[in-house]
There are 2 protein chains.
Amino acid sequence: MTISTNDKRWHKEQLYSLFSQIANAMANPHRLELMDLLAQAPRTVEALANEAQMSVANTSQHLQRLKQARLVLDEREGVYIRYRLAAPSVAGLWLNLREVAAGQLAEVEQALNAYRSQLHEFEQISADVLLTRLRQNEVVLLDVRPTVEYEAGHLPEAVSIPIDELEHRLAELPPDKTIVAYCRGPYCVYADEAMELLAAQGWPVARLEEGVWEWQQAGYAL
Amino acid sequence: MTISTNDKRWHKEQLYSLFSQIANAMANPHRLELMDLLAQAPRTVEALANEAQMSVANTSQHLQRLKQARLVLDEREGVYIRYRLAAPSVAGLWLNLREVAAGQLAEVEQALNAYRSQLHEFEQISADVLLTRLRQNEVVLLDVRPTVEYEAGHLPEAVSIPIDELEHRLAELPPDKTIVAYCRGPYCVYADEAMELLAAQGWPVARLEEGVWEWQQAGYAL
DNA sequence: ATTATATTCAATAAATCTATTGAATTCTTG
DNA sequence: CAAGAATTCAATAGATTTATTGAATATAAT
């Protein structure tokens, strides 16, 4: 065992240490929720704290750990500091993690069924079918995420009515067409809530399970 | 704030908790090294402990954490217990993590340059060029990983000579051809060591940076 | 300058993670 | 069934992580 061999070991351990720093930054449910929110749109600390229902100080500390791992960037904007994902590949890694969790942990499906109690109640529509039916002017695509998220990027031809405002803005939707709702992706309930509301008013409804990232990753354009 | 709203929150937190369990399992340098070894080939606890230079008890505990997160499976085989990655997607996640780390943390490149001191000393060859030159019988593709790893899966037409045995088995290599060495991928030094040895004996050498997983992921067959 | 507001810092206690040690299990083999 | 070997368990101390507080900092507005 020469000195250079031990040296090599040390360098190897350095590398694995660096790799684990990324996993470490993601190894907390709150930080994953923050990443998920930032994958939809950049936001201030306060906005993130509100969405994730945690204290501002706690949110700030978690954001700083993500920043240390270079998973997010911050930028001052007047009184506020706006955080964003550091790169598209970061969102990709988060989606990948979620997918592996769903594949390996049976508990994920159970938890999802409990969270999205209406998961099997309404029709789902695939991206392909959606596109052809959009082209034939048969459906309206409805984005029910908060406005900032819509503005940060949305599906082609999507109309924005945040879930909170939907009840008061039903008049904006054509009464004769099928409404296809989508939100942040398969782990988001907003589109389910929208469909429930719309179906009660007589609309034919369907849901696109994909969110903006999944849509993009499947090779479709925005 | 109704009871059902709090309920939804609770379910959402359950989901993020599950996702973070996967990240948590990966959030340790030793466990990542174990995953990397298992991505090359299934192995017993003892074999893993030797390769990763850690105690058997410690290795066992880390493996059990990976097992709890369903990232690895174990199977008794006589006196031994053999561990393997639970699914191909697990290897994909590990590669993805490593890639993001390389992209986001500048320290990774520094550490890699220190670890692979001969990184820029020898010629690199791309998968495409390798395939055409193999077809034209101009090169020999040499797999210098341990035998178990070669047997678990290797590149087409690759010859196996583990790096430890290379010095004594030089006669098996054709003296007139270029030797293209590969090992576990861009974070492995075996192929560099092989090239150094072969070049000193007069062989023209080159390295394929890809390992078996990267090769497969790029769409090539085994 | 002073005030107000958004964010971060610092300090703390409770909880979790890690490597080490030696003993306990669980197989196979004779 | 007894011996031997591979693996796991249990207990421990030291290190790290977390949420919570209240104070400190930095910028915008007055």
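Order of the sequence lines sets the chain letters (A, B, ...), proteins ahead of strands, with each chain counted from 1.
- For dT20(D), its base sits under 3.5 Å from the side chain of Gln61(A) at one donor and acceptor pair at least.
- Between Lys67(B) atom NZ and dT7(D) atom P there is a gap of 13 Å when expressed in whole angstrom units.
- Checking the phosphate oxygens (OP1, OP2) of dT17(D), no side-chain nitrogen or oxygen of His62(A) falls inside 4.0 Å.
- In terms of phosphate contacts, Tyr83(B) brings a side-chain nitrogen or oxygen within less than 4.0 Å of OP1 or OP2 of dT8(D).
- Side-chain contact annotation: Asp36(B) with Tyr16(A), donor-acceptor N/O pair under 3.5 Å present.
- Note: CG (Asn58(B)) to P (dA19(C)) measures 5 Å, nearest angstrom.
- In this entry the distance linking CD of Gln64(B) with P of dC17(C) reads 15 Å, nearest Å.
- More than 12 heavy atoms of other residues, nucleotides or ligands sit less than 6.0 Å from atom CD of Gln118(A).
- Each of Ala47(B) and Arg76(A) was matched to the nucleotide of DNA chain D holding its nearest heavy atom; the match closer to the 5' end belongs to Ala47(B).
- For the salt bridge (charged side-chain N to carboxylate O under 4.0 Å, His left out) with Arg116(B), the qualifying choice from Glu209(B), Glu193(B), Glu121(B) is Glu209(B), the only one to do so.
- When rounded to the nearest whole Å, the span between CG of Leu48(B) and P of dT8(D) equals 11 Å.
- In this structure, the CD atom of Gln21(B) is 17 Å from the C1' atom of dT17(D), given to the nearest Å.
- Here the side chain of Ser55(B) is nearest to one of dT20(C), dT8(D), dT20(D), namely dT20(C).
- Nucleic acid contact class of Arg65(B) (heavy atoms, under 4.0 Å, all strands): sugar-phosphate only.
- A close approach under 4.0 Å does occur between a side-chain nitrogen or oxygen of Arg31(B) and OP1 or OP2 of dT18(C).
- Side-chain atoms of Ser60(A) and Gln64(A) include a donor-acceptor pair closer than 3.5 Å.
- Crowding of Glu165(B) atom CD: a count of heavy atoms from other residues, nucleotides or ligands under 6.0 Å exceeding 12.
- Using a 4.0 Å heavy-atom cutoff across all strands shown, Thr44(A) reaches sugar-phosphate atoms only and no base atom.
- For the pair Ser60(A) and dT7(C), the criterion of a side-chain N or O lying under 4.0 Å from OP1 or OP2 is not met.
- With rounding to whole Å, Tyr80(A) atom OH is found 8 Å from dA6(C) atom C1'.
- The CD atom of Glu75(A) sits 16 Å away from the C1' atom of dT7(C) (whole-angstrom rounding).
- In this structure, Asn24(B) places its CG atom 6 Å from P of dC17(C), rounding to the nearest Å.
- Dashed line: the shortest gap from a side-chain N or O of Asn28(B) to OP1 or OP2 of dT18(C) is under 4.0 Å.
- Positionally, the nearest nucleotide of DNA chain D for Val56(B) lies more toward the 5' end than for the other of Val56(B) and Val79(A).
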